[in-house]
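Have a look at the structure below before the remarks.
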Number of protein chains: 2
Amino acid sequence: MNIDRRSGCPINLSLEVFGDRWSLIILRDMIFGGRRHFRELLNFSLEGIASNILADRLKRLMALGLLTKADDPSHKQKAIYSLTEMAITLVPIMAQLGAWGRVWLPVTEELSIRAELLEKGGPPLWEQFMDELRHEHLGAPSRTPPGTPTVRQQLRAAYEAVVERKAEELRLIKTEA
Amino acid sequence: MNIDRRSGCPINLSLEVFGDRWSLIILRDMIFGGRRHFRELLNFSLEGIASNILADRLKRLMALGLLTKADDPSHKQKAIYSLTEMAITLVPIMAQLGAWGRVWLPVTEELSIRAELLEKGGPPLWEQFMDELRHEHLGAPSRTPPGTPTVRQQLRAAYEAVVERKAEELRLIKTEA
DNA sequence: CAATCCGATTGCATTTTGCAATCAGTTGCA
DNA sequence: TGCAACTGATTGCAAAATGCAATCGGATTG
């Protein structure tokens, strides 16, 4: 995962950022799953990332300017990862990727609820969601009127159940062994 | 490059299709550069793909349903590769990827002309371009009125000069050695 | 008939990945 | 106080993917 430049083409450079099997998965879990800690990303990843790869990618994404890291005041050893504006603006790409996958790939219905919501909401919904992310990760003022259901809430509801089930499975396997 | 499924999440499945360093580069050169032959992809790739990797990826993209291969009537040994509808609908993703890269990455101005055009044209332009691709690769009837400049022509003009320069460089290095 | 072009394939060194075990420091609870 | 559980990682090692150069047999061109 070296950061060399093969060419100055925008698509190529984008690929050099997340043209690997894990970077975008991590960003997906942070953006849509609300993960902020190492252990959350490790244990609640549907795809089961290895801890060394996760550590490496977090470091790399920080070097590239997509993430920042800060101490969690509640725990001296905890680190809290935040999305930068650079990462937040990946939302439209994620939405397109999800929409394409939903059409052409053997997606699980449960897991494509998020992609469906993003697709139906279109760019206005993406913008609202990005604002919410800016509020959570960059401390920007919230533009959502109080009482309004956030995009985040809508996105997570169904998904969390699946992820939780998966995490439970993994815990069982671990205790059996 | 095995085709296993880590999860049924649309974003994950999409990543398993082109979450590597080369698949999307090849598709980019076919979609925007009009490459149809092995040698074209090999010698006119800005990034310099190796022939074994190219062969492997073409095979893989065919297995995944993104490309088809046919004999070129003009030459018994030539194979002509075509985009499927599945690949053509990647245009919006490519456009988003290019737009994002243009904002956040150190793109070369020359090489970002394409991304800029796609961005300015927006979804209507993407649609027109996709129709042109369907015409060229799937034999669909052309919807573009005769005499109208195609998106393809606009996209290629500036880019080809850069690629040609690069190919010339490579030829020089080869003859020197 | 020789040089060149065609889509690949082979062999080999290097890099990346996946997996399990482990680390030292921190915290919660009895 | 003591100890288990949890924190973000790191290490060692085998397997897989990649990059590179050389090469293949057949087809075409001059």
Side-chain angles (χ1 to χ4, degrees), chain A residues 1-4 6-7 15-16 18-26 30 35-45 47-62 67-82 167 170-171 173-177, chain B residues 1-7 15-16 18-26 30 35-45 47-63 67-82 167 170-171 173-177:
Chain A
M1 269 301 117
N2 56 333
I3 307 176
D4 58 338
R6 299 181 301 182
S7 88
L15 269 179
E16 290 184 17
F18 33 70
D20 77 286
R21 273 223 169 346
W22 292 111
S23 299
L24 212 60
I25 293 288
I26 294 169
M30 289 190 66
R35 314 292 175 216
R36 306 290 295 262
H37 300 287
F38 190 94
R39 291 280 158 171
E40 285 178 342
L41 287 163
L42 190 67
N43 296 329
F44 297 93
S45 156
E47 290 83 12
I49 190 170
S51 66
N52 54 348
I53 308 272
L54 176 58
D56 177 80
R57 291 305 186 281
L58 287 173
K59 204 179 290 178
R60 187 167 179 275
L61 290 171
M62 283 190 284
L67 299 180
T68 57
K69 180 174 155 180
D71 292 338
D72 186 328
S74 78
H75 189 303
K76 282 192 182 169
Q77 252 183 333
K78 262 186 178 169
I80 188 159
Y81 292 92
S82 298
L170 290 175
R171 274 195 293 273
I173 290 163
K174 208 173 175 182
T175 47
E176 273 168 12
Chain B
M1 268 303 115
N2 55 334
I3 307 176
D4 58 339
R5 284 170 209 162
R6 299 182 300 182
S7 88
L15 270 179
E16 289 183 17
F18 33 70
D20 77 287
R21 276 238 181 324
W22 293 111
S23 300
L24 212 59
I25 293 288
I26 293 169
M30 290 190 65
R35 315 291 176 216
R36 306 288 296 262
H37 300 288
F38 192 92
R39 291 280 159 171
E40 286 177 341
L41 288 163
L42 190 65
N43 297 329
F44 298 93
S45 157
E47 291 83 11
I49 190 170
S51 66
N52 55 347
I53 308 274
L54 176 58
D56 177 80
R57 290 305 186 280
L58 288 173
K59 203 179 289 176
R60 188 167 178 274
L61 290 172
M62 283 189 284
L67 298 181
T68 57
K69 179 175 156 181
D71 291 337
D72 186 328
S74 78
H75 188 304
K76 281 191 182 171
Q77 253 183 330
K78 264 186 178 168
I80 188 160
Y81 291 92
S82 299
L170 291 175
R171 275 195 294 272
I173 291 165
K174 208 174 175 183
T175 47
E176 273 167 14

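- Looking at A:Gln77, its side chain has no donor and acceptor atom pair within 3.5 Å of the base of D:dG8.
- Shown here is A:Asp71, whose CG atom has no more than 12 heavy atoms of other residues, nucleotides or ligands within 6.0 Å.
- Rounded to an integer number of Å, the gap from B:Leu58 CG to C:dC6 P is 15 Å.
- Under the 4.0 Å criterion applied to side-chain N and carboxylate O atoms, B:Asp20 and B:Arg57 are assigned as salt-bridge partners.
- If you take CZ of A:Phe38 and C1' of D:dT7, they are 10 Å apart, rounded to a whole angstrom.
- Phosphate proximity of C:dT17 to A:Arg57: present, with a side-chain N or O under 4.0 Å from OP1 or OP2.
- DNA chain C is contacted by both B:Arg36 and A:His75; B:Arg36 maps to the nucleotide lying nearer its 5′ end (nearest heavy atom per residue).
- Between the CG atom of A:Asp72 and the P atom of D:dG8 there is a distance of 9 Å, rounded to whole Å.
- Note on B:Lys69: a side-chain N or O is less than 4.0 Å away from OP1 or OP2 of C:dA8.
- Of the candidates C:dA20, C:dT9, C:dT27, the closest approach to any side-chain atom of A:Ser51 belongs to C:dA20.
- Between the NZ atom of B:Lys78 and the C1' atom of D:dT28 there is a distance of 10 Å, given to the nearest Å.
- Here the C1' atom of nucleotide C:dT9 and the CG atom of B:Leu42 are 13 Å apart, to the nearest Å.
- Rounded to whole angstrom, the span from the CG atom of A:Asp71 across to the P atom of D:dG8 amounts to 11 Å.
- Under 4.0 angstrom from either OP1 or OP2 of D:dT18 there lies no side-chain N or O belonging to B:Trp22.
- Between the NZ atom of A:Lys78 and the CZ atom of A:Arg36 there is a distance of 12.5 Å, given to the nearest 0.5 Å.
- Between B:Arg39 and B:Ile49, the residue anchored closer to the 5' end of DNA chain D is B:Ile49, taking for each the nucleotide with the nearest heavy atom.
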One pair to check against side chain to side chain contact (heavy atoms under 4.5 Å, CB included): B:Leu58 and B:Lys69. What are the steps and the verdict?
CA-CA 9 Å; B:Leu58 288 173; B:Lys69 179 175 156 181; over 6 Å; no
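- A close approach under 4.0 Å does occur between a side-chain nitrogen or oxygen of A:Lys59 and OP1 or OP2 of D:dT10.
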One pair to check against side chain to side chain contact (heavy atoms under 4.5 Å, CB included): A:Leu41 and A:Ile49. What are the steps and the verdict?
CA-CA 8 Å; A:Leu41 287 163; A:Ile49 190 170; 5.8 Å; no
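- For A:Ala50, whose side chain is taken as the heavy atoms from C-beta onward, the closest listed nucleotide among C:dC19, D:dT10, C:dT9 is C:dC19.
- Ranked by how close their nearest DNA chain C nucleotide is to the 5' end, A:Asn52 and B:Tyr81 are led by B:Tyr81.
- For the pair B:Asp20 CG and C:dT17 P, the computed distance is 11 Å after rounding to whole Å.
- The distance between atom NE2 of B:His37 and atom P of D:dA27, rounded to the nearest whole Å, is 18 Å.
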